[in-house]
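Proteins come first, then strands; the chains are lettered A, B, ... in the order of their sequence lines, and each starts at number 1.
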There are 2 protein chains.
Amino acid sequence: MAKVDLKTLARELGVSVSTVSKALQDSHEISAETKARVMELAQQLHYQPNPYASSLRRQQTRNIAVIVPEVINHFFSLAIDGIESVAQASHYHVLIYQTHDSRAKEASICQHLQSGRTDGIIISLAAEPQDFTHLLQMHERGIPLVFFDRVCPLIDTARITTDDFASGFNATAHLLQQGAKRVAYLSLAPHLSIDRQRQEGYLEALRQQNLTALAQVVYCGTHETEAQQAIGQLLHSPHPPDGIFASVEKLALATYAVCQAQGWQIPQRLKVVGFANLPTAHLLNPPLSTVVQPAFAMGQQAAQTLFTCLKTRRPIPAQNVTLSAVLEPRGSSQGFGLGKTTGR
Amino acid sequence: MAKVDLKTLARELGVSVSTVSKALQDSHEISAETKARVMELAQQLHYQPNPYASSLRRQQTRNIAVIVPEVINHFFSLAIDGIESVAQASHYHVLIYQTHDSRAKEASICQHLQSGRTDGIIISLAAEPQDFTHLLQMHERGIPLVFFDRVCPLIDTARITTDDFASGFNATAHLLQQGAKRVAYLSLAPHLSIDRQRQEGYLEALRQQNLTALAQVVYCGTHETEAQQAIGQLLHSPHPPDGIFASVEKLALATYAVCQAQGWQIPQRLKVVGFANLPTAHLLNPPLSTVVQPAFAMGQQAAQTLFTCLKTRRPIPAQNVTLSAVLEPRGSSQGFGLGKTTGR
DNA sequence: TAAATTTACGAAAACGATTGAGTGAACTTT
DNA sequence: AAAGTTCACTCAATCGTTTTCGTAAATTTA
């Protein structure tokens, strides 16, 4: 089948290219009759306007970029799901990029996106120690930017997050309430916005119980094996913890793996709570107590924020949108004789 | 910061636009000295060619589309991971679309992609009963198409799959070997390529043990709650199974959920094997025996196939690439006194 | 040294859609 | 009925690159 463009339609109908173009955009300068004729032929020949010609002329692409550490993380794939849903409804197209938590990759991706390939960017930062020049550069170029979850504090734009401090506090308080005395905090990358805030919440919960002296923050990094090593060492330290608050899903699972390998009973010997969006949390052995972020809604929110600004051609306002995460207590943090936690 | 295009560079350097363009492409018609001057200024001003102008002229976009049922399925997110990795290395950009298993959405997405927004498409089909006209239309228009996992048998192009028949056979044989007598097959959508083949394998395994009479195929659909209902009914039928082979991850998890809710012990009362790419399979209660597909490699393979054809501007050859899935036996299918299955 | 070739660049026409300005004809208005 | 409006189009420039063709000058060849 040959390609069909405006010229094709125009020739076929015996009118000019501009008439066809305007008719398809329902312009008032075109008569109802002509519009109908144009529309019909367009339908019949399955005419689709070339988005690149259109982009070039209009200076907008209807593409957005989504940059995340990795798509195989349930939190991020849920967020992408949310973004994609809104995008499809708003007739935007979603480009996906992964940083694998590398700053260099993140920077390189941003570099490429300076070209105008997208109308805006939704990003959750890589864990690797950062300078933010690549982001600042984009911001200065006026490329609309929306952060979610792992945000950049230096750039004044929209930021969609959850209440990490409160979640950190609640998770830790819950562990203490269930009878844990020595709760350790597993950190992914200490300079990451979410990590810092969750850690602050954790520390505050300890402080309120005068347990600050027992605080223990363990840096685990982004690599599975390193994380397991760090956790293994923690369990074999002179004063091992009896509770663990994992700041991210990966670390909660690493804890399970280490405990399984070394025969530590959860929750008898070690109570565990972790941030996680696992669909299998309640099927684990034991069911994992989680802090669940509304990842899908965050994605939707981020996309919505971006699209409304794009539509009105206004720059993104510097606003923080905070959704709440919920603590779902399950078997992995269950204390004994101290009241119940629901099973599910 | 003002936008910088070829004209800017040309003006600044006192040469023509075409010279700059050619210099940046390292054309032989430009002297080494001029090239150097152009390159330097381009670097300095962070020049990025406008991809849409370029696409328009060159008739290729360096975008590809990936259409999957949903990104929050570990199999698909792993595949996307693989695709994105190859794409980034090959300087392609990846557009993501979800069908949520709806034929209408799939058709609508395909309709939009006729516009030339992408150079090619990688797709895994929606589960909903299909006619394939939207796919045939794209194929006729000459849009390069690569299928993975859920393929379309009617279109002669590249198909990346796993050996579903063998996997179905092995999974079923394993259940029988572990002592199950009555193995049921949980089907997602009977007209789906993968479902049919896995079912064939299942039936063949029963046949070899003269158990064809006990075959039981249960259609569960794509909805979580419907699936759980169907499974619940199965367990309460006059002759309930003592083994279940779930054709997809979702159904394996639904089985767990139903068993947990109704107190059926796995594997004592019901042995379970399912296709799954869960990172938590070994942490479930009990650990889930899985058929694991090399999702990442499949994604890579699909992308690689597409890119090499795009590069050589040849149409996609009609080839089937079959990778093998591996059966990982765990606690959920463990028999007693009939030999061991490894733990992990 | 005249002719042929190479070198290094510029002019201009695409790619396909959008859009402001221009244009006859039909229709109002006074 | 002359002047002004509206209607329904067409013309042509434009978006930023790419690429073919043309052409002076420099270089090589006969």
Side-chain angles (χ1 to χ4, degrees), chain A residues 2-39 41-42 45-63 91 112-119 141 313, chain B residues 2-39 41-42 45-63 91 112-119 141 313:
Chain A
K3 119 189 100 181
V4 28
D5 56 11
L6 285 183
K7 218 187 295 181
T8 316
L9 298 182
R11 195 181 328 111
E12 201 74 22
L13 292 166
V15 295
S16 78
V17 171
S18 12
T19 303
V20 177
S21 173
K22 285 173 184 167
L24 289 171
Q25 293 172 75
D26 201 25
S27 157
H28 65 93
E29 331 182 17
I30 305 297
S31 72
E33 189 205 356
T34 308
K35 275 181 196 169
R37 290 207 308 139
V38 171
M39 297 287 192
L41 187 65
L45 300 186
H46 295 109
Y47 169 74
Q48 287 286 341
N50 181 316
Y52 298 122
S54 181
S55 294
L56 184 56
R57 180 58 224 241
R58 280 218 167 109
Q59 302 289 61
Q60 55 142 316
T61 66
R62 300 202 82 80
N63 282 164
H91 302 287
H112 280 288
L113 291 178
Q114 311 252 348
S115 62
R117 189 177 285 270
T118 65
D119 293 344
R141 285 227 175 181
R313 296 184 160 284
Chain B
K3 119 191 97 180
V4 28
D5 56 10
L6 284 183
K7 219 188 293 182
T8 316
L9 298 183
R11 196 183 326 111
E12 201 74 22
L13 292 166
V15 295
S16 78
V17 172
S18 14
T19 303
V20 178
S21 174
K22 287 174 189 168
L24 290 171
Q25 292 173 73
D26 202 25
S27 157
H28 65 94
E29 332 182 13
I30 305 297
S31 72
E33 189 204 357
T34 309
K35 275 181 195 169
R37 290 206 309 139
V38 171
M39 297 287 192
L41 187 65
L45 299 185
H46 294 109
Y47 168 75
Q48 287 284 343
N50 181 315
Y52 297 122
S54 182
S55 292
L56 184 56
R57 181 57 225 239
R58 279 215 166 109
Q59 302 290 61
Q60 56 143 317
T61 68
R62 301 201 81 81
N63 283 164
H91 302 287
H112 280 287
L113 292 178
Q114 311 252 350
S115 62
R117 189 176 285 271
T118 65
D119 293 344
R141 285 226 174 183
R313 295 184 160 284

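- Base-pairing analysis of DNA chain D finds the following stems of at least three consecutive Watson-Crick or G-U pairs, with both pairing distances under 3.5 Å: C:1-30 with D:1-30.
- Relative orientation of the A:Y52 and B:Y52 rings is parallel, given thresholds of 30° and 60° on the angle between their planes.
- Rounded to a whole Å, the CZ atom of B:R11 is 11 Å from the P atom of D:dG16.
- Atom OG of B:S27 and atom CD of B:E29 lie 4.0 Å apart (nearest 0.5 Å).
- Rounded to the nearest 0.5 angstrom, A:R62 CZ and A:S55 OG are separated by 9.5 Å.
- Annotation: the span from B:L56 atom CG to A:N50 atom CG amounts to 6.0 Å, rounded to 0.5 Å.
- Separating the OG1 atom in A:T61 from the CZ atom in A:R117 is a distance of 9.5 Å, to the nearest 0.5 Å.
- One atom, CG of B:D26, and another, P of C:dA8, lie 13 Å apart when rounded to the nearest Å.
- Contacts of B:S55 with the nucleic acid, taken as non-hydrogen atoms under 4.0 Å apart, are absent.
- Side-chain contact between A:R141 and A:L113 is absent, with no heavy-atom pair separated by less than 4.5 Å.
- A:S27 comes within 4.0 angstrom of nothing in the nucleic acid, heavy atoms only.
- Here OG of B:S16 is found 7.0 Å from NZ of B:K22. Values are rounded to the nearest 0.5 Å.
- With A:S21 contributing its side chain and A:V17 its backbone, the two residues share no donor-acceptor pair below 3.5 Å.
- A straight line from NZ of A:K35 to C1' of D:dA8 spans 11 Å, rounded to a whole angstrom.
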- Message: What does the B/S/- profile of nucleotides 14-20 of chain C look like, 5' to 3', with a 4.0 Å heavy-atom cutoff to protein?
- Response: BBBSBBB
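- When rounded to the nearest whole Å, the span between CG of B:L24 and C1' of D:dG16 equals 13 Å.
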